[in-house]
K.L.:
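Have a look at this one.
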Amino acid sequence: MDARLNLFGNPVGAKFLRYINSAGKAVSDSTLPAATQELVKIRASQINGCGFCTDMHTKDAAHAEETSARLNLIAAWREAKVFTDAERVALELTEQGTRIADAAGGVTDEAWANAAKHYDEDQLAALVSLIALINAYNRVNVIVQQPAGDYQPGQFG
C-alpha cells in the first residue's frame with residue numbers, strides 16, 4: 001500500500017512538515033516527562049486510527065525501554081495499575097482534547113484541574129501543545145493513508 005500523496009516529496013507538504021516538526025521540538029525540549037509524551041502520542045494516535053503514528057510511537061517508546069505491559073495497556077489505562085496518577089491525568093486530558101467533537105464543552109474543568117495538580121504551567125503548556133500537535137500529525141497521516149509497519153526507531157531523528 002502506498003500513501004495517496006508523498007508529503008515529504010511535495011514542496012508544500014515538506015515545508016509544512018518541517019514547521020510542525022519545529023513546533024514539536026519545543027515540546028520535546030520541555031520538562032514534560034518523555035515517557036508521558038510517548039503515552040500521549042500513542043493514545044491520541046489510537047483514538048484517531050493513525051497506524052503510522054501508533055507504529056512510530058510504540059516503537060520509539062519500546063526503544064526508550066518502555067515496558068510491553070504499559071504499551072499494551074495504554075488503550076485500557078483506566079483499568080490498568082501500571083500508570084502513575086500524573087500519567088493518568090495526561091491520558092484523560094489527551095482523550096478529552098482529542099475527542100472534542102464527541103464531548104459537550106470539550107475538556108472538562110475537572111480534567112484540567114486534575115492535570116494542574118500534577119504539572120506546572122510550562123508542563124501544561126507542553127501537554128496542550130503536544131495533544132494539538134499529535135492530532136495534527138494523525139490527521140495528515142490518516143488523510144493521505146500513510147502506511148504503517150516499516151518505521152524504525154530514530155528514523156526521523
Side-chain angles (χ1 to χ4, degrees), residues 1 3 7-8 16-17 19-103 106-108 110-112 114-120 122-157:
M1 176 168 122
L7 288 171
F8 299 102
F16 174 76
L17 291 173
Y19 283 128
I20 64 171
N21 287 342
S22 293
K25 181 120 174 67
V27 175
S28 63
D29 289 348
S30 76
T31 60
L32 185 65
T36 302
Q37 291 184 40
E38 289 302 327
L39 294 174
V40 165
K41 292 177 207 174
I42 293 165
R43 186 64 191 124
S45 300
Q46 290 171 334
I47 292 166
N48 290 323
C50 183
F52 184 82
C53 289
T54 301
D55 179 46
M56 174 190 292
H57 297 297
T58 54
K59 287 176 179 175
D60 282 347
H63 186 73
E65 301 185 6
E66 183 60 83
T67 68
S68 60
R70 284 169 46 95
L71 290 174
N72 293 334
L73 290 170
I74 293 170
W77 64 267
R78 283 178 182 81
E79 295 82 24
K81 297 190 275 184
V82 297
F83 301 106
T84 67
D85 289 343
E87 290 168 339
R88 288 174 177 286
V89 299
L91 289 165
E92 178 67 27
L93 196 66
T94 300
E95 288 191 3
Q96 289 188 22
T98 299
R99 294 182 163 136
I100 290 174
D102 299 338
V107 174
T108 65
E110 180 183 8
W112 183 260
N114 287 337
K117 290 176 190 172
H118 293 277
Y119 299 103
D120 65 29
D122 287 345
Q123 291 171 322
L124 285 170
L127 186 56
V128 168
S129 299
L130 179 59
I131 293 165
L133 183 67
I134 192 61
N135 274 278
Y137 279 121
N138 291 164
R139 280 154 178 73
V140 166
N141 287 318
V142 169
I143 291 167
V144 302
Q145 294 184 344
Q146 191 67 40
D150 294 332
Y151 177 78
Q152 297 299 313
Q155 179 177 332
F156 296 118

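This structure is a prediction, so every number in the text was calculated from the model and none was measured. Positions are given from 1 along the sequence. What's counted below: heavy atoms across the whole structure, side chains too, no hydrogens, waters or symmetry copies.
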K.L.:
Is the shortest side-chain heavy-atom distance between Leu32 and Leu130 below 4.5 Å?
P.N.:
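In contact.
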K.L.:
Counting distance only, does the side-chain N/O of Tyr119 pair as donor-acceptor with the main-chain N or O of Ala86 below 3.5 Å?
P.N.:
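Flag set: sc Tyr119 to bb Ala86 pair under 3.5 Å.
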K.L.:
Quick one: does Phe52's side chain get under 4.5 Å of Val142's, heavy atoms only?
P.N.:
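No - every pair of side-chain heavy atoms lies 4.5 Å or more apart.
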K.L.:
Do Arg43 and Glu38 meet the salt-bridge criterion of a basic N to acidic O distance under 4.0 Å?
P.N.:
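Answer for the salt bridge query: no.
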K.L.:
Can you list the steps and then say if Glu66 with Lys59 is a salt bridge (charged side-chain N to carboxylate O under 4.0 Å, His left out)?
P.N.:
CA-CA 9 Å; Glu66 183 60 83; Lys59 287 176 179 175; over 6 Å; no
K.L.:
So does Cys50 get a backbone contact from the side chain of Asn48, meaning a donor-acceptor N/O pair under 3.5 Å?
P.N.:
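The answer is no, because no donor-acceptor pair under 3.5 Å joins these two groups.
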K.L.:
Heavy-atom distance under 4.5 Å between the side chains of Lys117 and Val89, does that happen here?
P.N.:
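Not touching, per the 4.5 Å side-chain cut-off.
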K.L.:
Evaluate whether atom CG of Asp150 has more than 12 neighbouring non-hydrogen atoms of other residues, nucleotides or ligands under 6.0 angstrom away.
P.N.:
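At most 12 heavy atoms, drawn from other residues, nucleotides or ligands, come within 6.0 Å of this atom.
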K.L.:
Can Tyr137 and Asn21 be said to form a side chain to side chain donor-acceptor pair (under 3.5 Å), step by step?
P.N.:
CA-CA 10 Å; Tyr137 279 121; Asn21 287 342; 2.4 Å; yes
K.L.:
Please report the closest heavy-atom contact between Ala3 and Gln146, naming both atoms and the distance.
P.N.:
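Smallest interatomic distance, heavy atoms only, reads CB-OE1, 3.6 Å.
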K.L.:
Give a yes or no on whether the backbone of Thr31 and the side-chain of Gln123 come within a donor-acceptor separation of less than 3.5 Å.
P.N.:
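Side chain of Gln123 to backbone of Thr31: a pair is present.
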K.L.:
I need the minimum non-hydrogen distance between Ile20 and Leu133, along with the two atoms involved.
P.N.:
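Heavy-atom minimum between the residues: O-CD1, 3.6 Å.
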K.L.:
Quick one: CG on Asp120 to CG on Leu127, what's the gap to the nearest 0.5 Å?
P.N.:
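Spacing of CG (Asp120) from CG (Leu127) equals 11.0 Å.
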K.L.:
Going from OG1 on Thr67 to CG on Asn72, what distance comes out if it is rounded to the nearest 0.5 angstrom?
P.N.:
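CG of Asn72 is found 8.5 Å from OG1 of Thr67.
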K.L.:
Any side-chain heavy atom of Glu95 sitting closer than 4.5 Å to one from Thr98?
P.N.:
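Contact flag for Glu95/Thr98 side chains = no.
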K.L.:
Are a donor atom and an acceptor atom from the side chains of Trp77 and Glu87 found within less than 3.5 Å of each other?
P.N.:
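No, because no side-chain N or O of Trp77 sits under 3.5 Å from a partner of the opposite role on Glu87.
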K.L.:
Any luck finding a side-chain donor-acceptor pair between Gln96 and Thr108 under 3.5 Å?
P.N.:
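Yes, Thr108 and Gln96 have a side-chain donor paired with an acceptor closer than 3.5 Å.
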K.L.:
Check step by step if side-chain contact (heavy atoms from CB on, under 4.5 Å) holds for Glu110 and Glu92.
P.N.:
CA-CA 10 Å; Glu110 180 183 8; Glu92 178 67 27; over 6 Å; no
K.L.:
Answer whether the closest heavy-atom distance between the side chains of Ile74 and Leu71 falls below 4.5 Å.
P.N.:
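A side-chain contact under 4.5 Å exists here.
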K.L.:
For a quick test of reading the model, state the closest non-hydrogen atom pair linking Thr94 to Ala90 and the distance between them.
P.N.:
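Looking at all heavy atoms of both residues, the closest pair is OG1-O, 2.7 Å.
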K.L.:
If I compare all heavy atoms of Gly154 with all of Asp60, which pair ends up nearest, and what's the gap?
P.N.:
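So the minimum-distance heavy-atom pair works out to N-OD1, 3.7 Å.
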K.L.:
Give a yes or no answer on whether the side chain of Thr54 reaches the backbone of Gly51 with a donor-acceptor pair at less than 3.5 Å.
P.N.:
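Not confirmed, Thr54 side chain does not pair with Gly51 backbone.
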K.L.:
Between Val107 and Trp112, what is the shortest heavy-atom contact and its length?
P.N.:
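Heavy atoms of Val107 and Trp112 come nearest at CG1-N, 4.4 Å.
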K.L.:
Is there a side-chain contact (heavy atoms from CB on, under 4.5 Å) between Arg70 and Leu39? Walk through the geometry before answering.
P.N.:
CA-CA 9 Å; Arg70 284 169 46 95; Leu39 294 174; 3.6 Å; yes
K.L.:
Is the shortest side-chain heavy-atom distance between Cys53 and Ile134 below 4.5 Å?
P.N.:
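Sidechains of Ile134 and Cys53: in contact.
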K.L.:
Evaluate the side-chain proximity of Arg88 to Asn114: yes if any heavy-atom separation is below 4.5 Å, no if none is.
P.N.:
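Result no, sub-4.5 Å side-chain heavy-atom pair not found.
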K.L.:
Say you draw a straight line from NZ of Lys41 to CE of Met56; how long is it, rounded to the nearest 0.5 Å?
P.N.:
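Rounded to the nearest 0.5 Å, the NZ-CE separation comes to 8.5 Å.
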K.L.:
Is the backbone N or O of Gly149 less than 3.5 Å from a side-chain atom of Asp55, with the two atoms forming a donor-acceptor pair by type?
P.N.:
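At least one qualifying donor-acceptor pair exists.
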